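Worksheet: one structure, shown below.
This chain uses plain numbering: 1 for the first residue, then up along the sequence. Indexing begins at 1, ligand by ligand and atom by atom, following the structure's order. What you see is a predicted model, and the numbers here were worked out from it, not measured in a lab.
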Amino acid sequence: MRGKFITLEGIDGAGKSTHHGWLVEALRARGKTVVATREPGGTPLGEKLRELLLTEPMHLETEALLMFAARREHIHKVILPALMRGDWVVCDRFSDATFAYQGGGRGLALGKLEILETWVQEGLQPDLTLLFDVPIGVARGRLDAAGNAPDRFEREKAEFFQRVRQAYLDRAVREPQRISLIDATLPLAEISKLLGDIVSSIC
Ligand code: TYD
């Protein structure tokens, strides 16, 4: 039986990386074999593209094309083989991020992104997407408190993240069966409980 494909999304500073780790462990505790991965990245080539994407200035269409190039490699080498083995795949970001960041944030035409999505994903969509939502100010505060050097995206202005957040929320409204909206301002323990309930409902 094909495994399930779960993705985590949200603006930078929403805390999704913490929840990614928690979710992977919760699924493993229930006996699932889980492949934990991320985008951009997840393969040796994808990680090299990630490095470029996070550091190198580039045209916004180049950025979108590289995101999808890394995704093609990831789907072909990691995601589909895992799902076919019956493993579960938990991925930190997937194409909702491209629609939110390159579409909403940078203003790239959705039609162009949809062409790439059809080409690269050949119908593959997550079974479940957890969207961690926080106001921009909260996210910025968390990034500042973490104290890591900001990457090319994290250096963007508040208005950029406002558009990214809105694009994510619009997608959640359009696809409520797939996208579960989570209030990421809640205390960690409450979010873990919510995730636990979601895990119980799908395992
Ligand atoms: P992120 O998961 O935030 O990495 P980290 O937690 O290590 O900072 O992802 C890196 C950045 O890539 C993030 O700012 C969003 C951006 N991104 C896009 O702009 N488009 C995409 O399609 C993906 C997958 C990520």
Legend entry - Residue list, ring pair (Phe, Tyr, Trp, His ring centres under 6.0 Å) with His74, at least two apart or on another chain: none

Legend entry - Selection residues 108-121 - residue pairs positive for salt bridge (charged side-chain N to carboxylate O under 4.0 Å, His left out), sequence neighbours left out: Glu61-Lys112

Inset, instruction - Ignoring hydrogens and angles, tell me if any N or O in the side chain of Arg178 forms a donor-acceptor pair with the backbone of Pro126 under 3.5 Å. - result: no

Legend entry - Pair Lys48-Glu51, salt bridge (Lys or Arg N to Asp or Glu O under 4.0 Å): steps then yes or no: CA-CA 5 Å; Lys48 287 187 181 167; Glu51 177 64 25; over 6 Å; no

Inset, instruction - Taking only heavy atoms of the protein into account, state which residues are under 4.0 angstrom from an atom of ligand 1, in chain and number order. - result: Asp12, Lys16, Ser17, Glu39, Pro40, Arg50, Leu54, Met67, Arg71, Asp92, Arg93, Ala97, Thr98, Tyr101, Gln102, Asp151, Phe153, Glu154

Legend entry - Test: Arg165 cationic atom under 6.0 Å from Tyr168 six-membered ring centre, within 45° of axis: no

Inset, instruction - Write out all pairs satisfying side chain to side chain donor-acceptor pair (under 3.5 Å) with one or both partners inside residues 134-148, taking only residues at least two apart or from two chains. - result: none

